[in-house]
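Heads up, the thing below is written out as structure tokens.
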Amino acid sequence: MPPLSSGLLGALDPTSDRAVFRQIADQLREAIDRGRFKEGEKLPSEAELVEHYGVSRMTVRNSFSILQGEGLVHAEHGKGVFVRPRPPVRRLASDRFARRHREQGKSAFIVEADAAGSHPQVDSLEVKEEKASQDVSTRLGSVRRVLARRRRYLLDGRPVEFATSYLPLDIARGTPIAEPNPGPGGIYARLEELGHHLDHFDEEIRARMPSPTEVKTLHLASGVPVIHLIRTAYDTEGRAVEVCDTVMAADAYVLSYQLPAT
């Protein structure tokens, strides 16, 4: 087996108090950060790292586990460990709900997918009437029942987020919003056609580790967190007309904001 290039990885420091497997993880992380290993590129194999550092396979596996926990790499069974690609989608808050997109028949997800050069898909669609949770009821002005629209979004076949929109029944029942395909521009275009012209959106965002169900739904690798976003849409009369609860794979998105200086 040919030795690894000296320019890729350095040597261990036998005088350091830092554990050997952490030193190896540090060197691999630095090599990724410096671009020595590109996105999607395979890292040296366990055997190559065992040979390079003179350590056991378990030590190398512990090093890989650290990088997987940080979301820097992912393992493919029987193939090796690969550098995780950077987020492909830039979610621009100041533009994604612009009225011009709805007028062009595009939902926010389609706009973002187009900008990323990716193919968008929606699956696992469910539309039904149900009792509102206490949180959703409060956000929508104490409604008891809502129309819920659940769906999963994919880019180039990869699940990247799933979302549930909750709308008051007095607005949504018996309208195209209650259909599986609400039509061009999505539910926001239909809301405006019904006279609920959108004025602004409030968003609450937090990052957390995923639940087991979220890991399965989004096909998340070990160590990848999620972005949990709750958005409330208001019309020009000040009424909350939709609450959207969204969970996104954090390694699929960059959240971009433009804030006024005044």
Side-chain angles (χ1 to χ4, degrees), residues 28-43 66-76 81-102 104 106-124 151-165 185-186 188 198 200-211 214-233 242-261:
L28 289 168
R29 185 188 305 106
E30 181 181 7
I32 292 170
D33 290 341
R34 291 181 177 274
R36 296 174 192 154
F37 298 113
K38 308 295 184 184
E39 294 180 23
E41 186 175 344
K42 182 181 176 181
L43 293 183
I66 290 177
L67 299 181
Q68 285 183 270
E70 295 173 354
L72 286 177
V73 303
H74 69 280
E76 296 186 15
V81 178
F82 297 81
V83 179
R84 184 176 297 282
R86 296 292 191 261
V89 179
R90 182 168 294 275
R91 189 180 174 109
L92 183 59
S94 62
D95 181 72
R96 67 188 315 265
F97 296 125
R99 183 167 284 108
R100 69 179 184 279
H101 299 317
R102 297 194 292 277
Q104 295 170 359
K106 293 183 176 182
S107 66
F109 184 68
I110 291 176
V111 171
E112 291 166 347
D114 287 349
S118 297
H119 174 64
Q121 293 175 273
V122 178
D123 72 359
S124 304
R151 64 276 190 199
R152 184 175 68 165
Y153 294 97
L154 301 87
L155 288 175
D156 299 325
R158 176 201 172 187
V160 293
E161 68 175 85
F162 63 89
T164 304
S165 289
Y188 290 157
L198 298 175
H200 68 279
F201 303 87
D202 288 346
E203 291 190 339
E204 300 173 9
I205 303 172
R206 64 189 179 105
R208 57 174 173 78
M209 297 309 295
S211 69
E214 291 164 347
V215 169
K216 182 178 179 181
T217 301
L218 294 175
H219 301 179
L220 297 173
S222 174
V224 176
V226 293
I227 300 168
H228 188 185
L229 184 152
I230 299 178
R231 179 178 64 253
T232 306
E242 182 231 19
V243 170
C244 187
D245 190 323
T246 303
V247 175
M248 298 176 283
D251 62 342
Y253 286 95
V254 170
L255 304 185
S256 180
Y257 293 86
Q258 293 180 350
L259 303 176

Can you sort out the partners of Tyr153 under ring pair (Phe, Tyr, Trp, His ring centres under 6.0 Å), two or more places apart, ordered by chain and number?
Phe109
Approximate separation, where rounding is to 0.5 Å, of Arg84 CZ and Leu67 CG:
11.5 Å
Please report the interatomic distance CG(Asp123) to CZ(Arg151), rounded to the nearest 0.5 Å.
12.5 Å
Nearest heavy atoms of Glu214 and Val226, plus distance in Å
OE1-CG2, 4.2 Å
Polar side-chain atom of Arg152 near backbone of Pro159 as donor-acceptor pair, under 3.5 Å:
no
So which heavy atom on Arg231 is nearest to which on Glu203, and how close?
CD-OE2, 3.4 Å
At their closest point, which heavy atom of Val224 faces which heavy atom of Met209, and how far apart are they?
O-CE, 4.0 Å
Which heavy atom of Asp251 sits nearest a heavy atom of Arg158, and at what distance?
OD1-NH2, 2.6 Å
Rounding to 0.5 Å, atoms OG1 (Thr164) and CD1 (Ile230) come to a distance of 10.5 Å
Would you name the heavy atoms of Ala163 and Thr246 that are closest together and state the gap between them?
CB-OG1, 3.5 Å
Taking all atoms of both residues into account, what is the closest heavy-atom pair of Glu242 and Cys244, and its distance?
OE2-CB, 3.4 Å
Any non-hydrogen side-chain atom of Arg208 less than 4.5 Å from a side-chain atom of Val247?
yes
Pick one: which of Leu218, Val160, Ile227 meets side chain to side chain contact (heavy atoms under 4.5 Å, CB included) with Met248?
Ile227
Would you check, one step at a time, whether the test side-chain contact (heavy atoms from CB on, under 4.5 Å) holds for Leu28 with Leu72?
CA-CA 10 Å; Leu28 289 168; Leu72 286 177; over 6 Å; no
For residues Leu229 and Glu161, determine if any side-chain heavy atom of one lies less than 4.5 Å from a side-chain heavy atom of the other.
no
Show your reasoning for whether side-chain contact (heavy atoms from CB on, under 4.5 Å) applies to His228 and Asp245.
CA-CA 8 Å; His228 188 185; Asp245 190 323; 2.8 Å; yes
